[in-house]
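Below: the structure, in structure tokens.
Values below: all heavy atoms of this structure, side chains included; hydrogens, waters and symmetry mates excluded. Residues: numbered from 1 along the sequence shown. Quick caveat: nothing in here was measured; it's all calculated off a predicted structure. Atoms within each ligand, like the ligands themselves, are counted from 1 in listed order.
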Amino acid sequence: MASESFFTDDNIEVMFDAETLQARIVELGAAIARDYQDDADDLVLIGILKGCFVFLADLVRAVDLPLAVDFIGLSSYGDSTESSGVVRLTTDVSKSIEGRHVLVVEDIVDTGLTMNYLLENLRTRGPKSVKLCSLLEKPDKNTSGIKIDYLGFSIPDKFVIGYGLDYAERYRNLPYVGVLKSTDG
Ligand code: 5GP
């Protein structure tokens, strides 16, 4: 490895550091706990793989309710920073969501194409409710008009990495959200 630290790289500009992320997640968790306190027994948080895994791990520990966790695998991007426009369900939930309150947990809403597809799909399965929590949103790109019920941060139209988000499967383990200054090398 060229630099001494993978986490501290001159080629990465920090957008949200670990402390900033945690502070916001504590707020989101409190809001979710308040809104679902009477429905906690039927509440399932569904994380969208793979990008959600770090955010979801922190978020569930900030929601003081007896919730359930499940996962869905979706693929909308190849190993590039451009949307392919194609959404594919690669893994489905392990338990039926019929009669349950579903809170989808996503890393980032960009064009909203992925969420549009998924929310429509989930609504056909007879849940009591379906809501969306996303750590990040690029409002300039969200042409699908997807409503985000719990949003961490709005960001400019830049390709971000870290805290679960990858570039060609790398950088998911960065403890912060950052922007790659250059994708060469
Ligand atoms: P959408 O369908 O909303 O355009 O794209 C959503 C998915 O694209 C996200 O779940 C994420 O996997 C990927 N994506 C969109 N923008 C970014 C970005 O800035 N960085 C990374 N790493 N992935 C992104």
So is there a nitrogen or oxygen of [X] less than 3.5 Å from a nitrogen or oxygen in ligand 1?
X: Asp110; answer: yes
X: Gly112; answer: yes
X: Val160; answer: yes

Handout entry: Phe159 touching ligand 1 at heavy-atom level, < 4.0 angstrom
Key = yes

Within the 4.0 Å heavy-atom shell around [X], which atoms of ligand 1 are there?
X: Thr114; result: 1 (P), 2 (O), 5 (O), 6 (C)
X: Leu113; result: 2 (O), 3 (O)
X: Glu106; result: 10 (O)
X: Asp166; result: 21 (C), 22 (N)
X: Thr111; result: 1 (P), 2 (O), 3 (O), 4 (O)
X: Asp107; result: 9 (C), 10 (O)

Practice task
Could you please spell out the steps behind the side chain to side chain contact (heavy atoms under 4.5 Å, CB included) verdict for Ile48 and Val104?
Solution key: CA-CA 7 Å; Ile48 308 307; Val104 174; 3.8 Å; yes

Exercise for the section: Return yes when atom CG of Asp17 has more than 12 non-hydrogen atoms of other residues, nucleotides or ligands closer than 6.0 Å, and no otherwise. Expected result: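 More than 12 within 6.0 Å, yes.
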
Got a list of side-chain donor-acceptor pairs under 3.5 Å for residues 124-136, not counting sequence neighbours?
{"residue": "Thr124", "atom": "OG1", "partner": "Asn121", "partner atom": "O", "Å": "2.6"}
{"residue": "Arg125", "atom": "NE", "partner": "Asn121", "partner atom": "OD1", "Å": "3.0"}
{"residue": "Arg125", "atom": "NH1", "partner": "Asp92", "partner atom": "OD1", "Å": "3.0"}
{"residue": "Arg125", "atom": "NH2", "partner": "Asp92", "partner atom": "OD1", "Å": "3.3"}
{"residue": "Arg125", "atom": "NH2", "partner": "Asp92", "partner atom": "OD2", "Å": "3.3"}
{"residue": "Arg125", "atom": "NH2", "partner": "Asn121", "partner atom": "OD1", "Å": "2.8"}
{"residue": "Lys128", "atom": "NZ", "partner": "Asp42", "partner atom": "OD2", "Å": "2.7"}
{"residue": "Ser129", "atom": "OG", "partner": "His101", "partner atom": "ND1", "Å": "2.7"}
{"residue": "Ser134", "atom": "OG", "partner": "Leu136", "partner atom": "O", "Å": "2.8"}

Validation row: [X], [Y] side chains within 4.5 angstrom (heavy atoms):
X: Phe7; Y: Asn173; answer: yes
X: Ile12; Y: Leu180; answer: yes
X: Met15; Y: Val160; answer: yes

Exercise for the section: Look at the rings of Phe159 and Tyr167 and say which category their plane angle falls in: under 30° parallel, 30 to 60° tilted, over 60° perpendicular. Expected result: perpendicular

Handout entry: Between Ser94 and Asp70, a side-chain donor and acceptor under 3.5 Å
Key =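 Asp70 and Ser94 do have a side-chain donor-acceptor pair below 3.5 Å.
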
Exercise for the section: Going by heavy-atom distance to atom 16 (N) of ligand 1, choose the closest among Lys158, Met115, Lys141, Lys138. Expected result: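 Residue with the shortest heavy-atom distance to the ligand atom: Lys138.
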
